[in-house]
Number of protein chains: 2
Amino acid sequence: MTLTAEQKRQAVQKQYNASLELCPARQLLEAISSKWVTLVMLALEEGQLRHSDLRRMIPGASQKMLTSTLRSLERDGLVSRHVTVSVPVRTDYELTARGRSLLRIVFEMKDWAEQNMDGVAASRLEHDTNRYLHV
Amino acid sequence: MTLTAEQKRQAVQKQYNASLELCPARQLLEAISSKWVTLVMLALEEGQLRHSDLRRMIPGASQKMLTSTLRSLERDGLVSRHVTVSVPVRTDYELTARGRSLLRIVFEMKDWAEQNMDGVAASRLEHDTNRYLHV
DNA sequence: CTGTATCCTCTAAGATACTG
DNA sequence: CAGTATCTTAGAGGATACAG
């Protein structure tokens with residue numbers, strides 16, 4: 001059976017997407033673009049913090065998201081987790097060396113964003129305004 | 001009427017999240033973490049390209065995603081769009097100066113990812129293996 | 001060729017309740 | 001205190017068809 005041009009194109013899409021998943025830069029981007037990752041890393045900049053400290057410092061995160069964010073960071077070796085067995089339990093989180101090296105890039109992104117926020121906002125405003133005029 | 005501790009906490013969450021939306025660094029991160037943004041920017045590194053060129057160079061993107069990615073980049077002033085009115089129409093896309101400055105950061109992320117991909121992979125493997133042993 | 005419009009699916013993430 | 005489990009929902013993104 002022959003494939004239509006559209007079917008062939010979609011087969012290529014699937015393959016390309018599959019290989020993208022393996023791209024390390026892509027994986028990094030996906031890892032840090034999760035909503036809370038950067039906030040957790042920035043909070044941990046000064047040193048080690050407990051789960052409840054982080055919850056206070058990042059009040060927007062639900063407990064579930066905070067836990068899963070920390071798990072993901074731990075899995076990638078960006079954050080280390082220390083459990084003190086007592087009642088009640090105590091867990092501390094801390095950036096690893098790798099985590100700190102990534103934090104440097106996060107800061108650069110922050111700098112770029114601050115330097116360009118006005119320009120981007122102006123551009124958006126103009127774009128949206130023009131669109132409105134035509135519709 | 002009084003609020004429970006949980007209700008208070010969630011009110012704070014909403015407020016915090018609302019203010020997060022306004023954070024320029026957050027907006028940047030959201031802008032570039034969209035699946036295809038970095039790929040389009042990298043494709044445009046060498047110069048101006050047509051819509052169909054981009055489709056060929058990034059075969060994984062559906063037409064819809066490519067268009068909406070380009071629209072978003074255009075709105076933020078990272079890419080400019082030139083339409084040549086003819087039959088059929090021809091549109092060219094090109095990075096703006098702002099787009100090129102952001103591309104520098106994308107490259108730094110790429111470098112970090114390449115330098116750390118092995119370490120991250122090893123960390124993931126260890127993490128997942130240990131988990132398996134305990135379950 | 002370069003898009004828009006529609007429908008549809010699947011996953012991220014919030015709400016809530018519970019455990020060691 | 002720290003974490004898990006379940007339910008639900010909003011939205012991102014894919015498939016498909018059509019238009020200027």
Side-chain angles (χ1 to χ4, degrees), chain A residues 3-18 20-21 30-37 39-40 48-56 58-72 74 79 81-93 131 134-135, chain B residues 3-18 20-21 30-31 33-37 39-40 48-56 58-74 79 81-93 131 134-135:
Chain A
L3 298 173
T4 66
E6 186 59 16
Q7 285 172 324
K8 278 185 203 160
R9 202 181 53 70
Q10 280 171 29
V12 174
Q13 271 194 14
K14 291 230 172 78
Q15 256 216 302
Y16 184 86
N17 283 327
L20 255 192
E21 313 281 295
E30 246 140 53
I32 71 167
S33 65
S34 149
K35 197 173 176 185
W36 304 108
V37 164
L39 292 166
V40 168
Q48 135 178 321
L49 289 173
R50 303 179 58 176
H51 184 106
S52 46
D53 295 329
L54 287 168
R55 268 209 103 188
R56 248 184 303 98
I58 315 175
S62 68
Q63 188 172 42
K64 177 186 167 184
M65 283 319 296
L66 186 54
T67 298
S68 84
T69 298
L70 287 164
R71 285 290 168 285
S72 148
E74 192 196 357
V79 155
R81 177 162 169 267
H82 313 283
V83 181
T84 308
V85 184
S86 59
V87 181
V89 201
R90 171 191 181 114
T91 58
D92 291 87
Y93 293 93
R131 174 172 183 75
H134 293 314
V135 175
Chain B
L3 299 172
T4 66
E6 186 57 17
Q7 285 172 324
K8 279 186 204 160
R9 202 182 53 69
Q10 279 173 27
V12 173
Q13 271 195 15
K14 292 230 173 76
Q15 255 216 302
Y16 184 87
N17 282 327
L20 255 192
E21 313 282 296
E30 248 140 51
S33 64
S34 150
K35 197 173 176 186
W36 305 107
V37 165
L39 292 167
V40 169
Q48 136 179 322
L49 289 174
R50 301 179 60 176
H51 183 105
S52 46
D53 295 330
L54 287 168
R55 270 212 104 184
R56 248 185 303 99
I58 314 174
S62 67
Q63 188 173 43
K64 177 186 170 185
M65 283 319 297
L66 185 54
T67 298
S68 84
T69 299
L70 287 165
R71 285 291 169 282
S72 148
L73 288 170
E74 193 195 355
V79 156
R81 178 163 169 266
H82 314 283
V83 181
T84 307
V85 185
S86 59
V87 181
V89 200
R90 171 193 180 115
T91 58
D92 292 85
Y93 293 92
R131 174 171 184 76
H134 293 313
V135 174

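Values reported hereafter were calculated over all heavy atoms of this structure, with side chains retained and with hydrogens, waters and symmetry mates removed. Chain letters run A, B, ... following the sequence lines, proteins first and then strands; every chain starts at 1.
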- Task: Report the distance from atom CZ of B/Arg71 to atom P of D/dA12, rounded to the nearest whole Å.
- Result: 17 Å
- Ignoring backbone atoms, establish whether B/Ser68 has a side-chain N or O less than 4.0 Å from OP1 or OP2 of D/dG13. no
- Query: In whole angstroms, how far is the P atom of C/dA15 from the CG atom of A/Leu66?
  - Reply: 14 Å
- Name the nucleic acid region contacted by B/Arg55, choosing base, sugar-phosphate or nothing; use a 4.0 angstrom heavy-atom cut-off, strictly under. nothing
- Item | B/His51 side-chain proximity, nearest of C/dT2, C/dA15, D/dA2 | C/dT2
- Message: Tell me every residue that passes salt bridge (Lys or Arg N to Asp or Glu O under 4.0 Å) with A/Arg9, counting only those two or more places apart in sequence or in another chain.
- Response: A/Glu6
- Can you tell me how far P of D/dG14 sits from OH of A/Tyr16, to the nearest Å? 13 Å
- What's the spacing between A/Tyr93 OH and A/His82 NE2 if we round to 0.5 Å? 10.5 Å
- Query: When you measure from the side chain of B/Gln13, which nucleotide among C/dT2, D/dA2, C/dA15 comes out closest?
  - Reply: C/dA15
- d(CD1, A/Ile58; C1', D/dA2) in whole Å: 16 Å
- Note on the structure: Separation of D/dA2 atom C1' from A/Arg56 atom CZ, nearest Å, is 14 Å
- Looking for any heavy atom pair under 4.0 Å, which part of the strands does B/Arg81 touch: base, sugar-phosphate only, or nothing? sugar-phosphate
- d(A/Arg50 CZ, A/Arg56 CZ) to nearest 0.5 Å is 9.5 Å
Grab the N/O contacts between the protein and nucleotides 16-20 of chain D below 3.5 Å, and write none if there aren't any.
none

- Message: So, OP1 or OP2 of C/dT2: does either fall under 4.0 Å of a side-chain N or O from B/Ser52?
- Response: yes
- Message: If I take atom NZ from residue B/Lys35 and atom CD1 from residue B/Ile58, how far apart are they, to the nearest 0.5 angstrom?
- Response: 12.0 Å
- Of the candidate nucleotides D/dC1, D/dG3, D/dG14, which contains the atom at the shortest distance from the side chain of A/Arg50? D/dC1
- Query: So which one's nearest nucleotide on DNA chain D is more toward 5', A/Asp53 or B/Gly60?
  - Reply: A/Asp53
- Query: How many Å lie between CG on B/Asn17 and C1' on C/dA15, as a whole number?
  - Reply: 14 Å
- Respond yes when some side-chain nitrogen or oxygen of B/Thr67 is under 4.0 Å from OP1 or OP2 of C/dG3, and no when none is. no
- Query: Looking at C/dA13, C/dG3, D/dA2, which one has an atom nearest to any side-chain atom of A/Met65?
  - Reply: C/dA13
- Item | Check: B/Gln63 main-chain N/O paired with B/Thr67 side-chain donor or acceptor under 3.5 Å | yes
- Message: Rounded to whole Å, how long is the line connecting atom CD of A/Glu30 with atom P of D/dG13?
- Response: 10 Å
- Message: Does B/Gln15 have more than 12 heavy atoms from other residues, nucleotides or ligands lying within 6.0 Å of its CD?
- Response: no
- Note on the structure: Of D/dC1, C/dG14, D/dG13, the nucleotide closest to the side chain of A/Ser62 is C/dG14
- If an axis is fit to five pairs at each end of the helix from C/dC1-D/dG20 to C/dG20-D/dC1, what is the angle between the two, to the nearest 10°? 50°
- Using the six-membered ring wherever Trp is involved, compare the ring planes of B/Trp36 and A/Tyr16 and label them parallel, tilted or perpendicular (cut-offs 30° and 60°). parallel
- Task: Would you mind reading off the distance between B/Trp36 atom CH2 and D/dG13 atom C1', rounded to a whole angstrom?
- Result: 10 Å
- Message: Return the CG to NE2 distance between A/Asp92 and A/His51, rounded to the nearest 0.5 Å.
- Response: 12.0 Å
- Distance col, row A/Thr69:OG1 vs A/Arg71:CZ, nearest 0.5 angstrom, shows 10.5 Å
- Query: Looking only at heavy atoms, what is the nearest atom pair of B/Asn17 and A/Gly60, with distance?
  - Reply: ND2-O, 3.6 Å
- Task: Ignoring backbone atoms, establish whether A/Tyr93 has a side-chain N or O less than 4.0 Å from OP1 or OP2 of D/dG3.
- Result: yes
